[in-house]
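The next block holds one structure in the form of C-alpha cells; read it before the comments.
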Amino acid sequence: MPSNPLPPPTLTLSTANARRFTLAYQRLWPPRRLEGKAGIMDFVRHVGCIQYDPLNVVGRNPDLVLQSRVSNYRPAMLEGLLYTDRELLDGWDKMAAIYPTADWPYFARRRAFMEAWHSKRYELPAAILPEVVKAIRERGPLSSIDLKGWDKVNWTWGNEVRLARAALETLYGAGHLVVHRRTGTRRTFELAERALPADLLSAPDPNQTEEAYQNWHVLRRVGGLGLANPRAADHWLGILGVKSEVRRAVLTRLVERGDLVAVAMEDLPQHSFFIRTADLPMLEEVQTSRSPTSEAAIIGPLDNFMWDRDRLRWVFDFDYVWEVYKPAAQRKYGYYVLPVIYGDRFVARFDPAFDKKSRELTITNWWWEEGVQPDEAMQAALIACFREFLYYLGASRIRLGENVAGDKTLRWVSNSNTDIVTKL
C-alpha cells in the first residue's frame with residue numbers, strides 16, 4: 001500500500017470523452033489547425049515542451065510532432081524559432097527537448113544539477129572548460145570538430161569521446177552555452193550570454209523552494225499530456241527529485257490547491273488520471289459540442305500524445321512499441337513505424353522510407369488496425385493527410401513498396417501525389 005495514497009476522483013469520464021479530450025488537448029481533433037510560427041509557439045507553450053530525437057527517417061521527432069498540428073508546416077519554421085528568433089530553446093526537460101526560451105529561469109535547478117553531475121561523474125582537466133569558453137569567445141560559435149588537440153575521455157554509456165565534446169556537453173548542461181545551430185546531428189555552440197537577453201539570464205529562479213519547484217514541474221508535465229496517468233513512469237522523466245512516492249504527494253498537493261482534478265474513467269475503475277483545473281472548460285466543450293469532421297494525421301513516435309503507452313492501450317485500444325532499438329529479427333512491424341489517426345481513433349500504422357535525392361516517399365509496409373474498413377470518407381482524409389505530409393517533407397511523390405504494391409485498400413495512395421508538385 002503506497003504511503004501517499006492519491007486523492008479520490010471527483011469526476012468520471014466515458015472512454016469516448018477521454019479520447020476526444022486528449023485529442024482536442026493535443027490539437028489533433030481536428031489536426032493541422034494551427035498556422036505558422038505563431039501556431040508552433042502556441043502549441044509548445046500549451047504542452048510545455050516537445051521531445052527532441054536526432055533520428056531522421058522522415059524528419060526528426062519535433063518536426064513530426066508539428067506537421068500534424070500546423071498547416072503547411074516546413075522544418076525551416078522550427079529552425080527559425082530555435083536559432084534565429086530564439087523564441088524556443090534546444091535544451092532539456094523530459095530528456096532532450098524544445099521549450100520556450102521564456103522558461104529559462106525555471107530550469108535553474110536543472111542547470112545546477114547538470115553542472116554538479118558532470119563534475120562528480122567525469123574528471124575533466126581543470127583548465128579545459130575555461131579554454132573552451134575562451135575559444136568560443138574569440139572565434140565565435142564552435143562545434144567539437146572545431147576544437148583540436150585534446151585526448152579522449154570515458155563518457156556516457158561507456159563510450160570514449162574527445163575532451164572537446166565532453167567539455168562542450170558540460171558547459172551546455174550547466175547553461176554556459178546554448179545550441180547555436182544544428183547541421184545534421186552535429187551541434188554548434190554559442191555562449192549563452194551572447195545568444196540570450198541579459199535580463200533573462202539574470203532572472204531569479206521563480207521557484208525558491210523545492211516544494212515550489214516540484215509543484216511547478218509536475219503541473220507542467222500534466223499539461224504535457226492533458227490527461228495524465230500518475231503511474232506512467234516515462235511520462236514523468238526529468239523532474240528532479242520526484243520519484244513515485246514524491247510524485248503522489250505532489251499530485252495530492254496540487255489537487256488540494258485546486259490546480260488539478262482527479263478523474264476516473266467508466267471502463268477503468270482501478271485507475272486514476274489528472275487534468276489541470278484550467279483545462280476543464282475544454283473538457284466541457286468536448287462533452288457538449290458537435291464532433292468535427294473526421295480528418296487523418298500521421299503521429300511521431302515520441303509525440304506528447306504517445307508518451308503514455310498504457311493510456312494508449314486503455315483509452316484508444318492501441319498497442320505501440322517504438323522498435324528502433326530492437327534487433328531487426330525481433331521487430332513486429334519495423335524500424336520507424338508511424339501511427340495514423342482518423343477522427344478519434346488509430347486506424348493504421350506504416351513503415352516509411354524517404355529518398356532525399358529523388359525526393360520520393362515510399363510506404364514499405366502498411367497495417368490497418370483490427371476491424372478498420374477504409375470507406376470513401378477515410379480514404380479522402382488519408383489523401384489530404386499524405387499530401388500535407390509530402391509537402392512537409394519536400395517530397396515530389398509517394399509510392400507503394402513491393403510488400404504492399406498489390407494491396408487494394410491502398411489504391412488511394414496514388415491520388416496523394418495530385419497537385420503536390422504545384423504546392424511545392
Side-chain angles (χ1 to χ4, degrees), residues 23 26-44 47 50-85 88 90 98 182 184-185 295-306 335-342 346-364 366 379-401 410 412-424:
L23 287 163
Q26 287 293 334
R27 306 292 198 255
L28 290 169
W29 203 58
R32 296 181 300 276
R33 287 300 186 270
L34 302 177
E35 299 282 346
K37 287 183 176 180
I40 295 172
M41 290 302 303
D42 171 77
F43 179 70
V44 179
V47 295
I50 53 178
Q51 193 168 337
Y52 180 84
D53 187 85
L55 290 179
N56 188 345
V57 175
V58 282
R60 298 186 185 113
N61 185 68
D63 293 312
L64 287 167
V65 170
L66 294 170
Q67 62 78 31
S68 62
R69 276 90 171 176
V70 179
S71 175
N72 296 321
Y73 175 77
R74 297 302 288 267
M77 297 178 183
L78 178 61
E79 293 283 316
L81 287 168
L82 281 166
Y83 309 126
T84 302
D85 307 331
L88 293 175
D90 189 335
I98 291 167
R182 286 182 183 262
T185 58
E295 297 183 31
I298 296 163
I299 307 299
L302 301 176
D303 194 295
N304 299 52
F305 179 38
M306 305 292 290
Y335 176 70
Y336 205 86
V337 169
L338 301 179
V340 180
I341 59 172
Y342 172 67
F346 288 89
V347 295
R349 63 189 88 196
F350 73 103
D351 188 13
F354 181 50
D355 188 318
K356 295 179 175 64
K357 290 184 179 179
S358 68
R359 312 307 297 176
E360 183 176 72
L361 172 68
T362 300
I363 295 177
T364 61
W366 181 280
Q379 291 179 38
L382 289 168
I383 289 170
C385 169
F386 272 85
R387 284 178 184 166
E388 286 287 334
F389 197 70
L390 289 171
Y391 176 74
Y392 142 71
L393 282 175
S396 59
R397 68 186 301 270
I398 182 174
R399 71 177 187 88
L400 296 174
L410 298 178
W412 54 268
V413 169
S414 61
N415 292 330
S416 301
N417 291 311
T418 306
D419 298 331
I420 189 63
V421 175
T422 301
K423 188 172 184 179
L424 286 170

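It should be emphasised that the depicted structure is a prediction, and the values quoted were computed from it without experimental measurement.
Gln379 is linked by a side chain to side chain contact (heavy atoms under 4.5 Å, CB included) to Pro374, Trp412, counting only residues two or more places apart in sequence or in another chain. Judged as a side chain to side chain donor-acceptor pair (under 3.5 Å), and not counting sequence neighbours, the contacts of Gln26 are Arg69. Qualifying side chain to side chain contact (heavy atoms under 4.5 Å, CB included) partners for Pro75, counting only residues two or more places apart in sequence or in other chains: Asp63, Tyr73, Tyr392. Applying the ring pair (Phe, Tyr, Trp, His ring centres under 6.0 Å) criterion to Phe43, with sequence neighbours excluded, gives no partner residue. Partners of Lys356 according to the side chain to side chain contact (heavy atoms under 4.5 Å, CB included) rule, which considers only residues two or more places apart in sequence or in another chain, are Asn56, Phe354, Arg359. In this view, Phe346 and Phe305, Phe316, Phe318 satisfy the ring pair (Phe, Tyr, Trp, His ring centres under 6.0 Å) rule, not counting sequence neighbours. Here Asp351 pairs with Thr364 under the side chain to side chain donor-acceptor pair (under 3.5 Å) rule; sequence neighbours left out. Taking Arg60 as the reference, nothing meets the salt bridge (charged side-chain N to carboxylate O under 4.0 Å, His left out) condition, with sequence neighbours excluded.
Looking at every heavy atom in both residues, Val57 comes nearest to Pro352 through CG1-O, 3.9 Å. Considering all non-hydrogen atoms of both residues, Ala296 and Pro31 come closest at O-CG, 3.7 Å. Residues Asp53 and Pro62 approach most closely at N-CD, 4.3 Å, considering heavy atoms.
Trp366 contributes atom CH2, which lies 5.0 Å from atom CG of Leu382 (distance to the nearest 0.5 angstrom). Taking CZ of Arg33 as the start and OG of Ser71 as the end, the distance is 8.5 Å to the nearest 0.5 Å. Here the straight-line distance linking atom CZ of Arg27 with atom CG of Asn304 works out to 12.0 Å at 0.5 Å rounding. Note: Leu400 CG to Ile398 CD1 = 7.0 Å, rounded to the nearest 0.5 Å.
Side-chain contact between Leu361 and Arg397: absent, with no pair of heavy atoms (C-beta onward) separated by less than 4.5 Å. In this structure the side chain of Gln67 reaches within 4.5 angstrom of the side chain of Ile298, judged on heavy atoms. Residues Ile40 and Leu88 meet the side-chain proximity criterion, which asks for heavy atoms closer than 4.5 Å. Looking only at side-chain heavy atoms (C-beta outward), Leu64 and Ile299 stay at 4.5 Å or farther from each other. Side-chain contact between Glu388 and Glu295 is absent, with no heavy-atom pair separated by less than 4.5 Å. In this structure, the side chains of Tyr391 and Phe386 stay at 4.5 Å or more apart for every pair of heavy atoms. With contacts defined as side-chain heavy-atom distances shorter than 4.5 Å, the pair Val413/Arg399 does not qualify. In this structure, Leu28 and Ser68 have side chains that are in contact, with non-hydrogen atoms separated by less than 4.5 Å.
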From CA spacing to verdict: side-chain contact (heavy atoms from CB on, under 4.5 Å), Leu66, Leu78: CA-CA 9 Å; Leu66 294 170; Leu78 178 61; 4.1 Å; yes
Step by step, work out the side-chain contact (heavy atoms from CB on, under 4.5 Å) result for Arg182 and Asp90. CA-CA 10 Å; Arg182 286 182 183 262; Asp90 189 335; 2.6 Å; yes
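Not a single donor-acceptor pair under 3.5 Å links the side chain of Arg387 to the backbone N or O of Cys385. Panel note: side chain Asn61, backbone Leu302; a donor-acceptor pair is recorded below 3.5 Å.
For residues 34-43, the pairs satisfying side-chain hydrogen bond (donor to acceptor under 3.5 Å, both in side chains) are Lys37-Asp85, with sequence neighbours left out.
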